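Only one structure is covered here, and it is reproduced in the block below.
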Amino acid sequence: MKKQQCVCKLGRCPDARSSFKKGRFIYRRTVLRQACYDVVVAGGGPSGMGAALAAARQGARTLLVEQNGFSGGNATAGYVLKFHGFVSKRRNYVVRGIPLELVRKMKMARGACAVADCADGFVFDPECWKRTADDLLAAAGVEVLFHSFAADVIRRKHDLEGVVIENKSGPLLVRGKVFIDATGTGDVAIRAGAEYQKGRKGDQAMQPMSLGFRLGNVASFDIKEIRPLMRQGVAAGEIPFIGGPWIDFTGASPRNGEVLVNAVRMWGDASDVFDLTRAEIEGRKAVEKITAFLKKKAKPFSKCFLVDSAPVISFREANHILGDYILTKEDVLAGRKFEDGIAAGVWGVDIHSPTPGVDWNCTGLDDYYLIPYRCLLVKGIGNLLVAGGPASFSHEAWASTRVMGTCMAMGQAAGTAAALSVRRNKSLRRIDVDELREVLKKKDVYL
């Protein structure tokens, strides 16, 4: 049999049979290939994409691993087509850097019809994000591995030595100096034995999942008329419980009357594959019912048709990995500016109730706050950072930090910190945070 070529970036690695412990068991896997990088990023959503770009631009050999065939995560596969979390109450852009760069690149490269300004961010077309992301990652020198996910880890004492990547080609052992968990559910950190909290403290209940969908041939409408109509449908039992709804034309202008609908709500644990599968199936049933209801009851939708539902259901909350500091609701509402702040947050405490049938509630902010670097560090693990969804936040604080603009800003900070750790040959906890902040500021990050 022909021997597979090594893809190691630092030299030749032999084929190996890898043994590693997980709990009290020892797993033995035939690892056909090995690879070595400075920085390994698991998850290609907004936070992972921001991390990979930042690390590579700082000179680190960087691998980005993503389970879909494109980057973006909830932004693309989940049809969360609103890029929120940029603008403060005073109408200042407090989230800039890579997130704002992505918006500008989408506008320039793909045409104005692909992205539109809205009151609190940007509306975009998912195809526009995919292609622009491909270009940015390639230009930065990030090596991307799609259709792959981090299935397990190799841990030696307080550090990760490598992650085992699963895909169609079989297991790939990837070694690295620094790892970044941007999976959205903390998969790498949990497999490494990190402490974590599920959802809301006390009952572990989580904010609901949503299945976005697109309708075509919709006439101009007033959401103030559609919203009460749909709520009447819920009360009458004609459609299942909804959130919002939020309905927006795709991109900067109506494209053949195409709109994105954010209304479906499914409760469960997004890190549990059984709950996730059930939510996907039930979500598609809800899409069908809501589409039929709108077509029958709302005149602007009388000739509409279902274009598609999102390839995957999007989720708001899952696991919170415990770090060196846990950001709280009080920190967010007070607009606290931590000395080790590395990313700004401006979105309100936006909680879609973990209790089925209870509506959402959002408490707005008077000022922006800063997310401490300590929230990205993982308690007990030296060379692992967590960016985006599963970082060290309380349930209420996460209701603010979860939006994509803030997540990508966290990713940029994590990638920059990882590259500094490699360059200075210092652990993540020993790098100069003032230097980290200065590097971020030079990259147009508002701190």
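In this text, all values refer to a predicted model and were calculated from it rather than measured experimentally.
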What's the shortest heavy-atom distance between [X] and [Y], and which atoms?
X: C375; Y: A391; value: O-CB, 3.8 Å
X: S421; Y: I431; value: CA-CG2, 3.7 Å
X: P171; Y: V164; value: CB-CG1, 4.1 Å
X: L215; Y: C304; value: CD1-SG, 4.3 Å

Side chains of [X] and [Y]: closer than 4.5 Å at any heavy-atom pair?
X: M49; Y: S71; result: yes
X: N383; Y: K177; result: no
X: F315; Y: T185; result: yes
X: M206; Y: R200; result: no
X: V433; Y: R437; result: yes
X: V40; Y: I180; result: no
X: V39; Y: L63; result: no
X: L81; Y: P126; result: yes

Is there a donor in the side chain of [X] and an acceptor in the side chain of [Y], or the other way round, less than 3.5 Å apart?
X: N167; Y: S148; answer: yes
X: S400; Y: Y369; answer: yes
X: S309; Y: R214; answer: no

Basic-acidic side-chain contact under 4.0 Å: [X], [Y]:
X: D134; Y: K130; answer: no
X: D350; Y: R402; answer: yes
X: R191; Y: D152; answer: no
X: R131; Y: E127; answer: no
X: R57; Y: E101; answer: yes

What's the separation between atom [atom1] in [X] and atom [atom2] in [Y], rounded to the nearest 0.5 Å?
X: L64; Y: L145; atom1: CG; atom2: CG; value: 9.0 Å
X: L436; Y: K441; atom1: CG; atom2: NZ; value: 10.5 Å
X: L322; Y: S392; atom1: CG; atom2: OG; value: 6.0 Å
X: T132; Y: R104; atom1: OG1; atom2: CZ; value: 14.5 Å
X: I321; Y: L384; atom1: CD1; atom2: CG; value: 8.5 Å
X: M410; Y: T401; atom1: CE; atom2: OG1; value: 4.5 Å

Mark yes or no for whether [X], through its side chain, and [Y], through its backbone, hold a donor-acceptor pair below 3.5 Å.
X: D181; Y: V188; answer: yes
X: D272; Y: D269; answer: no
X: R155; Y: A192; answer: yes
X: N92; Y: V94; answer: no
X: D38; Y: A60; answer: no
X: R96; Y: V445; answer: no
X: S394; Y: A397; answer: yes
X: T416; Y: A414; answer: no
X: T277; Y: V273; answer: yes

Do the rings of [X] and [Y] sit parallel, tilted or perpendicular, given the 30° and 60° boundaries?
X: W129; Y: F124; answer: tilted
X: F241; Y: W267; answer: tilted
X: F122; Y: F86; answer: perpendicular

### Task
Please lay out, stage by stage, how S353 and Q207 fare under the test side chain to side chain contact (heavy atoms under 4.5 Å, CB included).
CA-CA 6 Å; S353 179; Q207 294 194 56; over 6 Å; no
Quick check: are there more than 12 heavy atoms from other residues, nucleotides or ligands sitting under 6.0 Å from [atom1] of [X]?
X: E288; atom1: CD; answer: no
X: K198; atom1: NZ; answer: yes
X: K303; atom1: NZ; answer: no

### Query
D324 and salt bridge (charged side-chain N to carboxylate O under 4.0 Å, His left out): which partner among R429, K379, R374?
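Checked R429, K379, R374 against D324; only one passes salt bridge (charged side-chain N to carboxylate O under 4.0 Å, His left out): R429.
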### Query
Do the ring centers of F221 and F249 come within less than 6.0 Å of each other?
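Yes, the ring centres sit under 6.0 Å apart.
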### Query
Ring centroid separation for Y373 and Y325, is it under 6.0 angstrom?
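So the answer is no for these two rings.
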### Message
Apply salt bridge (charged side-chain N to carboxylate O under 4.0 Å, His left out) to residues R231 and D359 and explain how you reach the verdict.
### Response
CA-CA 11 Å; R231 290 183 176 274; D359 214 342; 3.0 Å; yes
### Query
Which is it for V264 and M266 under the side chain to side chain contact (heavy atoms under 4.5 Å, CB included) test, yes or no, and what are the steps along the way?
CA-CA 7 Å; V264 174; M266 292 291 149; 4.0 Å; yes
### Message
Check for me whether K337 meets the cation-pi criterion with Y368, that is, NZ or CZ under 6.0 Å from the six-membered ring centre and within 45 degrees of the ring axis.
### Response
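Positive - K337 is close enough to the ring of Y368 and near enough to its axis.
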### Task
State whether F301 and K295 meet the cation-pi test: NZ (Lys) or CZ (Arg) under 6.0 Å from the six-membered ring centroid, and within 45° of the perpendicular axis.
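Ring-cation test returns no.
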### Task
Run the numbers on E317 and H395 for side-chain hydrogen bond (donor to acceptor under 3.5 Å, both in side chains), then give the verdict.
CA-CA 8 Å; E317 185 178 25; H395 166 75; 2.7 Å; yes
### Task
Evaluate the criterion side-chain hydrogen bond (donor to acceptor under 3.5 Å, both in side chains) for residue pair N74 and Y79; output intermediate values, then yes/no.
CA-CA 6 Å; N74 279 348; Y79 280 9; over 6 Å; no
### W347/W398 under ring-ring contact (aromatic ring centres under 6.0 Å, His included): CA gap, chis, key distance, verdict
CA-CA 10 Å; W347 194 251; W398 170 235; over 10 Å; no
### Message
Under the criterion side chain to side chain contact (heavy atoms under 4.5 Å, CB included), I'd like the reasoning laid out for I223 against I226: C-alpha separation, chi angles, the key distance, then a yes or no.
### Response
CA-CA 5 Å; I223 191 63; I226 301 299; 4.2 Å; yes
### Task
Decide salt bridge (charged side-chain N to carboxylate O under 4.0 Å, His left out) for E238 and K289; before the verdict, give the C-alpha distance in whole Å, the side-chain angles of both, and the deciding distance to 0.1 Å.
CA-CA 8 Å; E238 297 177 83; K289 290 179 181 178; over 6 Å; no
### Verdict with supporting geometry, I371 and F338, side chain to side chain contact (heavy atoms under 4.5 Å, CB included)
CA-CA 7 Å; I371 296 169; F338 294 89; over 6 Å; no
